[in-house]
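This report concerns only the one structure given below.
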Number of protein chains: 2
Amino acid sequence: MKLSEGVEWAIHACALLAAVPPRAALPTRKLAEFFDLPLAYLAKHLQRLSNAGIVIARKGPRGGYALARPAREISLLDIVEAIEGRSPCFSCTEIRRRGPSGAPATAYRRPCGIARAMWKAEKAWRAELARVSLREIQAMGLAETPAAQVKKATAWMETALS
Amino acid sequence: MKLSEGVEWAIHACALLAAVPPRAALPTRKLAEFFDLPLAYLAKHLQRLSNAGIVIARKGPRGGYALARPAREISLLDIVEAIEGRSPCFSCTEIRRRGPSGAPATAYRRPCGIARAMWKAEKAWRAELARVSLREIQAMGLAETPAAQVKKATAWMETALS
DNA sequence: TATAAACGGATGAAATTTGTCCATAACAGA
DNA sequence: TCTGTTATGGACAAATTTCATCCGTTTATA
Ligand code: SF4
Ligand code: SF4
């Protein structure tokens, strides 16, 4: 029950992309540099964000990634699902069918109470994630990082885009 | 973000133990037989339930496992946490500290918005699991399995306990 | 045309999960 | 007290998943 650490990378990357001025783009190389992450692997995660339509990719010189829509319209759930996938974290192997008192699949009409309860809980988790937008994440991030770091980051962004 | 399948095993095992008459106990061997699961590995999971105080073990002949308290007082969360542990599924590696605009740990007072949002969602998941008791699981299971299977299972239980 | 970047498949390394085995301790019944 | 039965927990092996790198191709810019 561990989220892959790529989720953390992706959220941070999106939060940084949210601070990129319109029409500009940040290439993988710059994102990896900013967070000191392995370039090739981070690229895989950005690809997923791209495939999920969260981020737009531009190939070629001066290319890179930019948010596909306003940060307000991107939820944490969007990002998490882009990286982790949409399959439920509880998957049953139908063990009730096995053993001495089991029966063929036809005997059981609908998923059992166990599966339903687990899925309901997972739904609550996803709903909570859907409620927070990248915009809020960005705002919180700005509020909680020391002024000196914000300044450094802003300066870094300028040189990265030039 | 996959729950280990041991969770499914443990919930089913507990649900079956809920149907064991008071003062009796089901040994690992019987539980493994009922669900057609690898005995040695199932034993590991039952041990975890035992260590978590969900189930009590009795060694020796006519020993085995029984619920440690009424099914009404055992929640799905209890079982899930016994198997999966209590550590949060989102763990941050503090990547904000790294890279060109990073800063030493002292600069950041409290966990960032990302981590807080992820933890809040996880809390919602756990809360939902805490709301459903083993009693309800048992009742749902009884209601949804065909009468023929219930009969078979009851008969099996009698011979298993004798 | 030369260069910079994303894309995606193949592959390898590391970590985790899944599963087995065994020695030991506790217990019930004869 | 003796014997067989059961849980306990550690060590170990196999399988699967995650983490990470590499490379050939495609696309776009100047
Ligand atoms: S009874 Fe429910 S949890 Fe168990 S195997 Fe069937 S669907 Fe899965
Ligand atoms: S900014 Fe938040 S999510 Fe990112 S490393 Fe720090 S605490 Fe973790």
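Quick note: numbers below take in every heavy atom, side chains included, and nothing from hydrogens, waters or symmetry partners. Naming: A, B, ... by sequence-line order, numbering from 1 per chain.
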Task: Contacts of B:Arg135 that satisfy side chain to side chain donor-acceptor pair (under 3.5 Å) - sequence neighbours left out - done: B:Gln138
- [ ] Among residues two or more places apart or on two chains, list those pairs meeting salt bridge (Lys or Arg N to Asp or Glu O under 4.0 Å) that have a residue in residues 26-44 of chain B.
- [x] B:Lys30-B:Glu33
Task: Pairs touching residues 7-18 of chain B that satisfy side chain to side chain donor-acceptor pair (under 3.5 Å), sequence neighbours left out - done: A:Thr93-B:Glu8
- [ ] Return the residues of residues 47-67 of chain B meeting this criterion: a heavy atom under 4.0 Å from some atom of DNA chain C. Order them by number, or give none.
- [x] B:Lys59, B:Gly60, B:Pro61
- [ ] Report the residues that fulfil side chain to side chain donor-acceptor pair (under 3.5 Å) with B:Ser75, sequence neighbours left out, ordered by chain and then residue number.
- [x] B:Asp78
Open item on the list: Nearest whole Å is fine: how far is C:dA28 C1' from B:Leu161 CG?
Closed with: 16 Å
Open item on the list: For A:Glu73, give me all partners under side chain to side chain donor-acceptor pair (under 3.5 Å), at least two apart in sequence or on another chain.
Closed with: none
TODO: Looking only at non-hydrogen atoms, find the nearest pair between B:Ala24 and B:Leu161 and report the distance.
DONE: CB-CD2, 4.1 Å
Task: Pairs touching residues 121-132 of chain B that satisfy salt bridge (Lys or Arg N to Asp or Glu O under 4.0 Å), sequence neighbours left out - done: A:Lys120-B:Glu128, B:Glu81-B:Arg126, B:Glu122-B:Arg126, B:Glu128-B:Arg131
Task: Pairs flagged by salt bridge (Lys or Arg N to Asp or Glu O under 4.0 Å) wherever residues 145-162 of chain B is involved - sequence neighbours left out - done: none
- [ ] Could you encode protein contacts along nucleotides 10-22 of chain D as a string, one character per nucleotide from 5' to 3', using B for base contact, S for sugar-phosphate-only contact and - for no contact, with a heavy-atom cut-off of under 4.0 Å?
- [x] BB-------BBB-
Task: Linked hydrophobic residues, A:Leu142 as query - side chain contacts closer than 4.5 Å - done: A:Val150
Task: DNA chain D contacts among residues 19-33 of chain A, heavy-atom distance under 4.0 Å - done: none
Task: Residues in side chain to side chain donor-acceptor pair (under 3.5 Å) contact with A:Ser4, at least two apart in sequence or another chain - done: A:Glu84
